[in-house]
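Comments concern the structure below.
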Amino acid sequence: QVQLVESGGGSVQAGGSLRLSCAASYRILSSSVIGWFRQAPGKEREFVALIRWSSGTTLYSDSVKGRFTISKINAENTAYLQMNVLKPEDTAVYYCGVGSQYSSAVRDYRSWGPGTQVTVAS
């Protein structure tokens, strides 16, 4: 089973940018979907963005649409999340998971990484 590791988190001021990486331990199947999710303290894990590995088709939550961009480099087995115009409400631990369905539901993903903390100061 593929293992995922997130990186790239940190602390930034509101309006700043960060680029997160999601690296897979081995080749991601073309039928897979990579999803980015986040979880703030005391809240449930929520969908942020996804990308279909074969076609590059993407989907975003309304809260990040126009500010975040998900991308991938197949040869590196890595997905990225470019986050611009960050807001304090974006503060959370960000996770990536792999799934087989074009879905924004947490239950449809597995092989979660340990997460990377993103903190946005006002």
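Model, not experiment: these values are computed from the prediction.
- Ion pairing between D90 and K87 fails under the 4.0 Å rule for side-chain N and carboxylate O.
- Nearest approach of R38 to S63, heavy atoms of both residues: NH2-OG, 3.4 Å.
- Judged purely by atom type and a 3.5 angstrom limit, Y95 has no side-chain atom pairing as donor or acceptor with the backbone of T116.
- Between the side chain of S111 and the main chain of V2, a donor-acceptor pair closer than 3.5 Å is present.
- Atom-to-atom distance recorded for L50:CG and F37:CZ is 7.5 Å, nearest 0.5 angstrom.
- The heavy-atom pair separating F47 from L59 by the smallest distance is CZ-O, 3.5 Å.
- Side-chain atoms of R67 come within 3.5 Å of backbone N or O of V85 as a donor-acceptor pair.
- Taking CD of E76 as the start and OG of S21 as the end, the distance is 9.0 Å to the nearest 0.5 Å.
- Y94 and V120 fall within a single hydrophobic cluster, where Ile, Leu, Val, Met, Phe, Trp and Tyr side chains are chained together by heavy-atom contacts under 4.5 Å.
- A pairwise comparison of heavy atoms in P114 and V5 identifies CD-CA, 4.3 Å as the closest pair.
- Taking both residues in full, the closest heavy atoms of L20 and G9 are given as CD2-N, 3.6 Å, listed atom of the first, atom of the second, then distance.
- The side-chain heavy atoms of F68 and L18, taken from C-beta on, include no pair separated by under 4.5 Å.
- No donor-acceptor pair closer than 3.5 Å links the side chain of S54 to the backbone N or O of S31.
- At least one side-chain heavy atom of R110 sits less than 4.5 Å from a side-chain heavy atom of V98.
- Taking CG from N77 and OG from S25, the interatomic distance works out to 8.5 Å, rounded to the nearest 0.5 Å.
- Looking at heavy atoms from C-beta onward, Q117 lies in side-chain contact with T91 at the 4.5 angstrom threshold.
- Sparse packing is recorded around CD of Q3, with 12 or fewer heavy atoms of other residues, nucleotides or ligands lying under 6.0 Å away.
- Here the closest non-hydrogen pair linking W53 and A79 is CZ3-CB, 4.2 Å.
- Proximity of a side-chain donor or acceptor of S103 to a complementary backbone N or O of Q101 within less than 3.5 Å is not detected.
- In the hydrophobic clustering of this structure, L29 does not group with I34; members are Ile, Leu, Val, Met, Phe, Trp, Tyr whose side-chain heavy atoms approach within less than 4.5 Å, directly or through other members.
- Residues Y80 and I73 are in side-chain contact: their nearest non-hydrogen atoms beyond the backbone lie under 4.5 Å apart.
- Side chain of Y60 to main chain of I70: a donor-acceptor pair is present (N/O by atom type, distance under 3.5 Å, no hydrogens or angles).
- V12 places none of its side-chain heavy atoms less than 4.5 Å from the side chain of M83.
- With contacts defined as side-chain heavy-atom distances shorter than 4.5 Å, the pair W36/E6 qualifies.
- Hydrophobic clustering places I51 together with L81 (ILVMFWY residues linked when any side-chain heavy atoms are closer than 4.5 Å, directly or through intermediates).
- The minimum heavy-atom distance between S122 and A14, with the atom names listed, is CA-CB, 4.3 Å.
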